[in-house]
Number of protein chains: 2
Amino acid sequence: MVNSQNEIDPGEPMPTPDRTSLDEIVSAGRELLESEGLAGLTMQAVAIRVGVRAPSLYKRVRNRAELVSLVAEATARELGERVDAAAVAAPDAPSRLMVLARTFRGFAHDRPAAFGLLFAPGSELAIDADVLAGSSASMLAVAAELSGPDHALDSARTLTAWAYGFVSMELSGAFRLGGDVERAFEFGVHRLAEALAARPA
Amino acid sequence: MVNSQNEIDPGEPMPTPDRTSLDEIVSAGRELLESEGLAGLTMQAVAIRVGVRAPSLYKRVRNRAELVSLVAEATARELGERVDAAAVAAPDAPSRLMVLARTFRGFAHDRPAAFGLLFAPGSELAIDADVLAGSSASMLAVAAELSGPDHALDSARTLTAWAYGFVSMELSGAFRLGGDVERAFEFGVHRLAEALAARPA
DNA sequence: ACCTGAACACCGTTCAAGT
DNA sequence: ACCTGAACACCGTTCAAGT
C-alpha cells in the first residue's frame, strides 16, 4: 500500500494526532463565558473542557487575554451575521432600522455575557478591526440610505451608540426607575428613525 | 485633668486608634483603579496604600466585590454632582441637554476606568439605587422639560443610553472607521435634542 | 477592638521532561 | 510536534494569635 491516503510526509515527526484545536478552545471559551461568566472563563476550565491540561493551551493561544479577544471576535462575527440576515427581510429603510435594532437587542439578551465583552470599557481587548466593521456594515448601509451619504457615518454611530448603551444599561440593571423598558426601547427606535432621516436643505 | 477632651469611655477596650478608615480605603481603590486599571485594584495594593496589611481590610469591607461596588458608587455620586453643577448654567432646555451630554462625556474622559465600572455589563456590581437615581436626576429634569411629562422617562433613557453608548464605544476604541468623532458626538446631541422635543398632537 | 503572619485554595504562566 | 507535571509568582480570603 504505497502512497495510500493515510500516508504522511516521510521523515517528519508526528508522534500523535493533535488532541484539540484553536476552534475547539474558542468554542469552549464561549460556552464557559455564558454559563459561568467572565471570571469562570479560566484556562484550567477551558483545558478540562477540551480534554487537555492548562499548559497545552499555550500552544494555540498566547495567553488568556488573547483567548478572551478571540471569544469576543467570534461573538462580533455572529452578531454581524444575525443582523445582516435580519436586515434583508425588511422592505424599506426605516423598518430595516427597527429590525436591526431589535435584532441587536435580541442577540444581547441571548448572549449577555458575550455581548458585554464586545465594547467592554477598559478591557483593552483588541477585536480585529475588519470583523467589527463587518458587523456594523448593515448599520452603515441603513444609515446611508436614511440620512444620505454625507451623514451616513454620523448616523450609524448615533444609532449604534444608542442601541449599545440601551442594552448595556438594561442588562446591568440600570433602569430602576420603573416604567416599561420595552416601551422605552420602541420610543427610542422610532424617535431615532425620524431624527436620522434626511431633511430638506 | 478629669474629663478632659481626651477622655474615653472608661472600661471599654481601646488598645490603639484605628489605623485606617472605609473612606481612606475607597479613596485608595479609586486612585488605583484609575492608575493601574481594574486588575490593579488589588486588596494587597489597597492595603499597602492605606498603610495596613490585606487581611485588615476585611474589617471594613466584606470582600473585593463590595469594595469595587463602593468605588463605583462614589464615581456615580461624583458624576451626578458634576452634571448637576453644569446644568444650572444653561439658559434653556435644549442647551441644557447639550451641556449635560458634554459634561457626561468630559467626566468619562477624565476617569475612563471608573466610568467603565458604572454600567459595566455582566459585572454584577450593585450600585445603590438612590445614588444612581440621583446621578440621573438632571437628565430626567431636562427630559421632562423637553418632551413633556408623558415622555420624560422614555426621553431620559434614550438620551442616557446614547451618551453612555457613545462614550463607551469611543473609550474602547470601537470607532475605527475614521471620521471625526467629535463631530459625530455633536451630530448626535443635536439630532437627539430635536428628536426628543415635544411635538404637536 | 483592630491588626498581623501563616495558611489555603485558586489563578496564569513557564519550562524541562516525556512521547 | 504536542502534551504534561512541577514549579513560580500572584491572587482573595480565613483564622488563630497578638496588642
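Below, chains carry the letters A, B, ... as their sequence lines are ordered, and counting in each starts from 1.
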Query raised in the report: Atom NZ of B/Lys59 and atom CG of B/Leu22: how far apart are they, to the nearest 0.5 Å?
Result: 14.5 Å

Report task. Return the set of residues passing salt bridge (Lys or Arg N to Asp or Glu O under 4.0 Å) with A/Arg82 (not counting sequence neighbours), or none when no residue passes. Result -> A/Glu78, A/Asp110

Report task. Could you state the atom-to-atom distance from CG of B/Leu57 to P of D/dT13 in whole Å? Result -> 10 Å

Query raised in the report: With both distances under 3.5 angstrom, what nucleotide forms a Watson-Crick or G-U wobble pair with D/dC2?
Result: C/dG18

Query - Test of ring centre spacing under 6.0 Å for A/Tyr164 and A/Phe104 - result: no

Query raised in the report: Under 6.0 Å from the six-membered ring centre of B/Phe175 and within 45° of its axis: does the NZ or CZ of A/Arg157 meet both?
Result: yes

**Report entry** Note: B/Glu24-B/Arg49 ion pair, threshold 4.0 Å (strictly below)
**Finding:** no

Report task. Please report, rounded to the nearest Å, how far the P atom of C/dC2 is from the CG atom of B/Leu22. Result -> 12 Å

Query raised in the report: Can a salt bridge be assigned to the pair A/Arg77 and A/Glu73 using a cut-off of 4.0 Å between side-chain N and carboxylate O?
Result: yes

Report task. Write down the distance between NZ (B/Lys59) and P (D/dT14), rounded to a whole number of angstrom. Result -> 12 Å

Query raised in the report: Quick one: is B/Ser56 getting a side-chain N or O under 4.0 Å of the C/dT4 phosphate, OP1 or OP2?
Result: yes

Query raised in the report: Which base, if any, makes a Watson-Crick or G-U wobble pair with D/dC10, both distances under 3.5 Å?
Result: none

Report summary line: note: A/Arg60, atom CZ; D/dA1, atom P; distance rounded to Å ~ 12 Å

Report task. Write down the distance between CZ (A/Arg53) and P (C/dT19), rounded to a whole number of angstrom. Result -> 15 Å

Query raised in the report: Going 5' to 3' along nucleotides 6-12 of chain D, which nucleotides have protein heavy atoms under 4.0 Å from the base (write B), which only from the sugar-phosphate (write S), and which from neither (write -)?
Result: B----SS

